[in-house]
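Quick notes on the structure that follows.
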Amino acid sequence: MGSLAGEKGHRADETLHRVTLTRPFYISTTEVTQEQWAAVMGVNPSHFHGRNLPVESVTWFEVQEFLRRLNASAHAHFRLPAEAEWEYACRAGSSSAYSFGGQLSTTNASFDAQTPSPVASFRPNAWGLYDMHGNVWEWCSDEYCPYASSAVSDPYQSCHSPYKVIRGGSWYFGAGSARSALRYTHEPQLRGFSIGFRVVREVDQ
């Protein structure tokens, strides 16, 4: 997790360290769509409207209410991904700046655009996950905290930070914001027209 100092765009908060995830999980293949959000919440708060567009303009706390309602009606438990789970899923076994290797282009990700794209408009990563780079930033469960400097297992960042982590870049930002290792932040009570999310489903053991 993190990046080498020589990676283009490397930032000081991307300390390279080994992480072990001991609990299996499923992660949604796409960002949550406006249709899915409205089916649970009854309204669509998005700035850009489209059934298959990712829902955006939702606060971290509103996502928690979405998850509460979803879990109340489902025979499973859904939540936001931890930051470590998100990066693991994004990388899909890669160690380069992007899961595709090389550089992003507008043929494989949504960035430097005028609007978000419908989910799954571009090819998926090696594990079949769409839009891990670009389209909308994705809320994670963790607070924004410094990384550990040594190996850790199942990290969940909590340090009384006022910020939550968002990952993946967006249509509104450049390709550099969509690097697998890049960490960005947002206050959990604030919306953003380029911030959405995807969900994790816990696996019964």
Side-chain angles (χ1 to χ4, degrees), residues 1-21 24-34 36 48 50 52-56 80-142 144 147 155 157 164-186 192-201:
M1 191 174 186
S3 66
L4 293 168
E7 181 173 299
K8 184 178 179 180
H10 169 84
R11 300 183 356 166
D13 65 352
E14 297 171 13
T15 305
L16 193 67
H17 62 295
R18 182 172 295 278
V19 173
T20 300
L21 299 176
F25 63 94
Y26 297 110
I27 191 166
S28 53
T29 55
T30 70
E31 297 147 335
V32 170
T33 66
Q34 294 175 27
Q36 291 167 333
F48 300 96
N52 288 322
L53 289 175
V55 69
E56 28 82 3
L80 284 174
E83 186 179 11
E85 292 171 332
W86 190 95
E87 185 168 328
Y88 177 73
C90 177
R91 288 189 175 281
S94 69
S95 59
S96 53
Y98 306 99
S99 63
F100 304 116
Q103 297 294 316
L104 286 193
S105 73
T106 53
T107 63
N108 60 23
S110 174
F111 63 93
D112 278 340
Q114 300 299 310
T115 64
S117 298
V119 299
S121 292
F122 303 90
R123 67 185 176 97
N125 70 11
W127 291 352
L129 305 176
Y130 294 89
D131 302 315
M132 298 299 292
H133 303 294
N135 216 20
V136 292
W137 290 101
E138 299 181 15
W139 286 113
C140 292
S141 58
D142 309 52
Y144 174 69
Y147 278 161
Q157 305 281 11
K164 292 289 185 180
V165 173
I166 55 175
R167 288 296 211 114
S170 84
W171 61 271
Y172 189 69
F173 285 68
S177 71
R179 290 186 301 111
S180 297
L182 186 126
R183 313 174 71 201
Y184 210 59
T185 65
H186 206 69
F193 64 17
S194 66
I195 303 177
F197 70 106
R198 73 181 68 221
V199 298
V200 156
R201 176 182 171 181

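Residue numbers start at 1 and run along the sequence shown. Computed over heavy atoms, backbone and side chain alike; hydrogens, waters and symmetry mates excluded.
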For [X], check side-chain hydrogen bond (donor to acceptor under 3.5 Å, both in side chains) against everything at least two apart and list the hits.
{"X": "Glu7", "result": "Arg179"}
{"X": "His186", "result": "none"}
{"X": "Trp86", "result": "Glu138"}

Gap separating the [atom1] atom of [X] from the [atom2] atom of [Y], nearest 0.5 angstrom:
{"X": "Glu14", "Y": "Ser3", "atom1": "CD", "atom2": "OG", "result": "3.5 Å"}
{"X": "Glu87", "Y": "Leu182", "atom1": "CD", "atom2": "CG", "result": "10.0 Å"}
{"X": "Ser177", "Y": "Ile166", "atom1": "OG", "atom2": "CD1", "result": "9.5 Å"}
{"X": "Glu31", "Y": "Leu53", "atom1": "CD", "atom2": "CG", "result": "10.0 Å"}
{"X": "Met132", "Y": "Cys90", "atom1": "CE", "atom2": "SG", "result": "5.0 Å"}

Could you pull out the closest heavy-atom pair between [X] and [Y], with the gap in Å?
{"X": "Ser170", "Y": "Val136", "value": "CB-CA, 3.9 Å"}
{"X": "Phe48", "Y": "Trp171", "value": "CE1-CZ2, 3.4 Å"}
{"X": "Ala178", "Y": "Leu104", "value": "CB-CD1, 3.7 Å"}

task = Please name all residues satisfying ring pair (Phe, Tyr, Trp, His ring centres under 6.0 Å) with Tyr88, sequence neighbours left out, ordered by chain then number.
result = Trp127

query = Which residues satisfy the ring pair (Phe, Tyr, Trp, His ring centres under 6.0 Å) test with Phe122, sequence neighbours excluded?
reply = none

query = What class does the angle between the rings of Tyr147 and His17 fall in, given that below 30° is parallel, 30 to 60° is tilted and above 60° is perpendicular?
reply = tilted

request  = Name the orientation class of the two ring planes belonging to Tyr184 and Trp137 (parallel below 30°, tilted from 30 to 60°, perpendicular beyond 60°).
outcome  = parallel

Taking only residues two or more places apart in sequence or in another chain, which ones pass side chain to side chain contact (heavy atoms under 4.5 Å, CB included) with [X]?
{"X": "Glu85", "value": "Leu21, Phe25, Arg79, Pro81, Ala82, Val200"}
{"X": "Gln36", "value": "Val32, Thr33"}
{"X": "Ala126", "value": "Ala92"}

Would you mind writing out the side-chain donor-acceptor pairs for residues 96-103 within the sub-3.5 Å range, not counting sequence neighbours?
| from | atom 1 | to | atom 2 | distance (Å) |
| --- | --- | --- | --- | --- |
| Ser96 | OG | Tyr98 | O | 2.5 |
| Tyr98 | OH | Ala175 | O | 3.0 |
| Ser99 | OG | His133 | NE2 | 3.0 |

task = Spell out, as yes or no, whether a donor-acceptor pair under 3.5 Å connects the side chain of Arg198 to the backbone of Ser28.
result = yes

request  = Would you check if the side chain of Asn135 reaches a backbone N or O of Gly168 as a donor-acceptor pair within less than 3.5 Å?
outcome  = no

query = Is the closest side-chain heavy-atom distance between Gln34 and Val55 below 4.5 Å?
reply = yes

ask   = Given side chains that start at C-beta, do those of Pro155 and Val19 come closer than 4.5 Å, heavy atoms only?
value = yes

inquiry  = For Tyr144, I'd like to know if atom OH has over 12 heavy atoms of other residues, nucleotides or ligands within 6.0 Å.
reply    = yes

inquiry  = Can you pull out every salt bridge (charged side-chain N to carboxylate O under 4.0 Å, His left out) where at least one residue sits in residues 117-135? Sequence neighbours excluded, please.
reply    = none

ask   = Just one of Gln157, Arg183, Lys164 clears the side-chain hydrogen bond (donor to acceptor under 3.5 Å, both in side chains) bar with Glu83, so which one?
value = Arg183

ask   = Arg11: what forms a salt bridge (charged side-chain N to carboxylate O under 4.0 Å, His left out) with it, not counting sequence neighbours?
value = Asp13

Side-chain polar contacts of residues 106-119 - donor-acceptor pairs under 3.5 angstrom, sequence neighbours left out - could you list them?
| from | atom 1 | to | atom 2 | distance (Å) |
| --- | --- | --- | --- | --- |
| Thr107 | OG1 | Ser105 | OG | 2.6 |
| Asn108 | OD1 | Ser105 | N | 3.0 |

